[in-house]
Amino acid sequence: MANSKNELDAEIENVRVFIRVRPLSKKEQAEGYSNIVLLDTKENLIVLKKNGENTKPFKFDQIFSENSVQLDLYRMIAYPIVEKALQGYNGTIFAYGQTGTGKTFTMAGNHLKPEVRGIIPNTFSHIFGQISRASGEKSFVVTVTYLEIYNEEVRDLLSNDPNKKLAIRERTDVGVYVKDLMGFTVDSIEAITELLNRGNKNRVTRSTLMNDVSSRSHAIFTICIESKNRIDNKTIIGKLNLVDLAGSERASRTQATGERLREASNINLSLSVLGNVISALVDGKSSHIPYRNSKLTRLLQDSLGGNSKTAMIAMLSPADVDYEESICTLRYAARVKHIQNHARINVEQKGLIEGFEQEIAVLQQKVLLLNLQEQQKEARQRKKEKDKVTSEAKQKEIKKCEEELQKTEKEKGDLMSKISMIQKRILVGGENLFEKAQLQVCLLESSGVELENLDKAHRELEETLNKKAAEKIDVEEKYSSLQEEDLALNKKIKKIQSLLNEVREEYADKEHEYQREIEALLDNHRLLVKETQLANLMIDKYIPLEYFKKIEANLIWNSETQEYQMRGVAYTGNNMKKRQMGNIEISAPVKFEMKNIYHKYPDKKKERKLMYDKRTISAPKAH
Ligand SMILES: Nc1ncnc2c1ncn2[C@@H]1O[C@H](COP(=O)(O)OP(=O)(O)OP(=O)(O)O)[C@@H](O)[C@H]1O
C-alpha cells in the first residue's frame, strides 16, 4: 500500500555528504608518493595541493581524517539514519570514490574484528539492540535482500544461482522493485551476518592495478524493518539501503582491456548517469530526471530526491598521483550536497506481521481439529481393545487405528514446528537478541550518548554564535561616517569579486566534469561500435539474406527489459515438436534450398549493407 501520509508530513532535508580520507598505503609510501590533502576538521573544509598551489576549499557536513576509526563514522553518519529507519523512514548510505580508497572497508570492514567492523555489520547490532530494548507492545520483522549490478545486469547475491539476470519492474502500489529477488527474514545478528558473508562471497571482485581485491559491481544490501504496535495496530516499515559502489576511476587508470574494459565502461556509464541525475536534481530546471537511464539510478530513485534520509560518503586517496580522481570526487560530492529529499514515515495497512499472524491462526485451527480427531480415534481404539474378541480382523482394525493415530500425531508435529518457525520470524520488543554482540552494542550505545552530548554542545554553540551575529549586525548598523561607508563598500566589492571567482571556478569544474562524462560515453560508444562491427561481420558472413529478413521482420523491441525478442518464440523448439507430433497434418516440415541462397549471396551484399545501416540508425533508444 502507498503511504497514507501526504507531502506536508515529509521531513525535507538535503543529502548529507561526508568525506573520508584513508592513510597512505605502504605501497604508496614505498613508491615515494606524498600526501596532498589538507583538512580543517573543525570547519569541515578540505583542500588539495598541486604544484605548490592549493585548490579552492570544499566544505562538507563532516570530514574524517586518516586517523578516524570505523565507530566515528558509524556514530556520525549511520546512527541517526538507522534510528530513523526504526521509526519507519527510508534511509540510504552510499560509499563513492575511486578504486582502493576504502568504500568496502568503510561499508563492510572486517566483521571478525569489532574495531574494524564496517557500517553494515554495525547496523545489525544497532537494530537488534533497539528491538530488544523496545516495549513488549511492539512486534518486529526484519527482512534482508542483497543484490549487485554488474555490467548493467542485476544479480541476486543471496540466490543459489547468483549469475541469473533479474529484471527491474515498477508498480504504482509498490514502486520500483526487482522481480524474483529473494528476501530473507532474520531473527538474530548471527543469521543476518551469515547472509552478508554469503552475499560477499558471490560478489564480483578482481585484482586490478590499483587494488588487490577490487569490487567490480555496485552492491546494495537492504534491510527492511517492519514494526507493528499492538496498542494502535499501526504498522510502519523502514527500508535501509547500504550501497557500496564500484570504483569511479577512469578506465585507463586500471589499464583494463577486453572484458575488464567492458566492466570499467559499464561502471563509468552508470556513475555518469548517476552524475546526470544529480545535476538534473540540483539545477532544479529540468522537469525530467533521467533515473531510467541506468539500473543503479532506477533502484536508488527514492534515495536521490525522493522519500529517504540519505548520506553519501566520498572516499579519497591522499596520494599526489591520485590528484585528478580526488578532485573529481570532491566536485561530484559537492554537487550531491544540494539534493533535497522529502522523507516520510511509511505507514502500511497490512504488512508481513499481519500475514504471519493470520497464517499462525489458520495453522492453530488445524492443530485443534487434529486434537479432536486424535481424541476420537483414541476413544475408538480403547473401545476395540476392551472388546474380548481377538479375531484376526479385530487385530487388524486395532493396528489400523494405531497407524492413523501415529499419522495424526506426525501431522500435528509438522504443524507445530511450522507455527514455531513463523513465530520465530516475529520478534517481540524486549527479547534479548544480541548476547554474542553485547560488546558491540555497548560501544554503539556509548556512541549514541556521546552523540547526544555533542549535539547538545553543538546547539549551545550555535545559539551563542547566532547571538554574536545579531550583536554584530547591531554594531554594523551604527556605522555612519563616510570612511566606514567606504570601508563597507570596499568589503562589498571584495565579496562580489570572490563570488565572481567562485562562479568562475564552478564553471571550470562543471566543464571539466562534462569533459569526463563525454570521455566515459565515448569509451562506451567505441566499445559498442566494436561489438556492432563484430555482429555485422558475423551476419554478413554466416546469415543468408532471406533468413536475415525473416529474423528482422519477427524481432520486436521490449522497452521493459531493454532487449530484442523474437515474435512467436513460444511456438518454436520443443513446443513446435509437440505440436507437430500431435497434429501431423498441420505441420509438414518446410524445406529450404540452401544451395541457391548461398549462390546468390555475393550479389546481395550491397543491399544487405544498406539494411544494416538502416537497422543501426533506427534501433530504439534506451529509456
Ligand atoms: N581508512 C582506512 N584505514 C586503513 N586501511 C584502509 C582504509 N581504507 C581502506 N583501507 C585499505 O585499503 C585497501 C583498499 O580498500 P577497499 O577495498 O575498501 O577499497 P574500495 O574503494 O572498496 O576499492 P574498489 O572500488 O576497488 O572495490 C584495503 O586493503 C583496505 O583495508
Side-chain angles (χ1 to χ4, degrees), residues 18-31 33 35 37 39 41 46 62-78 93-122 148-151 157 196 199-221 242-256 260-261 263-268 270-271 274 296 312-319 321-322 325-326 328-330 332-333:
F18 302 87
I19 303 289
R20 184 180 205 182
V21 187
R22 68 152 166 77
L24 268 178
S25 69
K26 287 209 175 87
K27 196 170 158 215
E28 286 162 341
Q29 286 173 27
E31 285 170 13
Y33 293 127
N35 186 333
V37 176
L39 301 181
T41 44
I46 178 168
Q62 176 126 10
I63 294 176
F64 295 92
S65 73
E66 58 183 59
N67 300 322
S68 60
V69 295
Q70 302 281 56
L71 271 178
D72 291 339
L73 275 93
Y74 192 82
R75 191 174 68 177
M76 289 307 300
I77 305 168
I93 302 171
F94 65 98
Y96 177 91
Q98 75 168 95
T99 180
T101 45
K103 296 181 293 296
T104 308
F105 179 82
T106 300
M107 294 309 289
N110 180 350
H111 78 277
L112 297 173
K113 293 186 188 160
E115 68 283 7
V116 280
R117 219 171 261 175
I119 285 177
I120 300 179
N122 273 331
E148 74 172 348
I149 304 170
Y150 173 67
N151 271 346
L157 290 172
L196 174 69
N200 285 344
K201 275 187 204 136
N202 287 332
R203 216 180 147 187
V204 176
T205 58
R206 295 196 198 295
S207 171
T208 68
L209 205 65
M210 298 173 75
N211 188 1
D212 293 341
V213 189
S214 176
S215 316
R216 307 316 291 155
S217 64
H218 310 298
I220 307 182
F221 189 89
L242 303 165
V243 189
D244 182 5
L245 295 174
S248 59
E249 65 286 349
R250 299 271 305 111
S252 52
R253 294 256 2 236
T254 47
Q255 292 181 13
R260 294 186 181 194
L261 179 64
E263 268 172 14
S265 284
N266 271 313
I267 294 169
N268 278 167
S270 55
L271 291 178
L274 182 63
L296 179 70
M312 171 195 191
I313 316 172
M315 310 289 171
L316 284 193
S317 146
V321 64
D322 292 322
E325 299 293 347
S326 300
C328 284
T329 300
L330 288 175
Y332 205 94

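Counting from 1, the numbers follow the sequence of the chain as shown. Small disclaimer: the values here were computed from a predicted structure and weren't measured. When a ligand or atom number is given, it counts from 1 through the structure's own listing order.
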Item to check | ligand 1-proximal atoms of R20, by part, heavy-atom distance under 4.0 Å | outcome: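 R20 to ligand 1: side-chain contact only, backbone stays beyond 4.0 Å.
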Checklist entry - For ligand 1, does A95 get within less than 4.0 Å through its side chain, its backbone, both, or neither, judged by non-hydrogen atoms? => result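 No part of A95 comes within reach of ligand 1.
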Item to check | 4.0 Å heavy-atom contact, G100 with ligand 1 | outcome: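 A heavy atom of G100 does come that close to ligand 1.
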Checklist entry - Could a heavy atom of M107 be found less than 4.0 Å from some atom of ligand 1? => result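 The answer is no: ligand 1 sits nowhere under 4.0 Å from a heavy atom of M107.
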Checklist entry - Hey, does P23 come in under 3.5 Å of ligand 1, counting only N/O atoms on both sides? => result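 Between P23 and ligand 1 (N or O atoms, distance only) the closest approach is not under 3.5 Å.
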Next on the checklist: Test your reading of the structure: does R22 have an N or O sitting under 3.5 Å from an N or O of ligand 1?
Outcome noted: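 Looking only at distances, the answer is no, because the N/O contact criterion of under 3.5 Å is not met.
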Next on the checklist: Please state which option from Y96, F64, F105 has its nearest heavy atom closest to atom 2 (C) of ligand 1.
Outcome noted: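 Checking each option, the heavy atom nearest atom 2 (C) of ligand 1 is found in F105.
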With a cut-off of 4.0 Å, which atoms of ligand 1 are near a heavy atom of [X]?
| X | result |
| --- | --- |
| T99 | 23 (O), 24 (P), 25 (O), 26 (O) |
| G247 | 25 (O) |
| Q98 | 21 (O) |
| K103 | 18 (O), 19 (O), 20 (P), 21 (O), 22 (O), 23 (O), 24 (P), 25 (O) |

Taking the side chain from [X] and the backbone from [Y], do they hold a donor-acceptor pair closer than 3.5 Å?
| X | Y | answer |
| --- | --- | --- |
| K103 | G97 | yes |
| Q29 | L24 | yes |
| E28 | S25 | yes |

Item to check | Partner set under ring-ring contact (aromatic ring centres under 6.0 Å, His included) for F18, not counting sequence neighbours | outcome: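 In terms of ring-ring contact (aromatic ring centres under 6.0 Å, His included), with neighbours along the sequence ignored, F18 is linked to no residue.
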Checklist entry - With sequence neighbours left out, what residues match F94 under ring-ring contact (aromatic ring centres under 6.0 Å, His included)? => result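 By the ring-ring contact (aromatic ring centres under 6.0 Å, His included) rule, F94 matches no residue at all.
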Next on the checklist: Within the structure provided, determine whether Q70 and F105 are in side-chain contact (heavy-atom separation under 4.5 Å).
Outcome noted: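 Yes, at least one pair of side-chain atoms sits under 4.5 Å.
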Next on the checklist: What I'd like to find out is whether the side chain of L157 reaches to under 4.5 Å of the side chain of F221, using heavy atoms alone.
Outcome noted: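 Counting from C-beta outward, L157 and F221 never come under 4.5 Å.
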Next on the checklist: So, applying side-chain contact (heavy atoms from CB on, under 4.5 Å) with V116, which one of N110, V69, L71 is it?
Outcome noted: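 Answer after filtering N110, V69, L71: N110.
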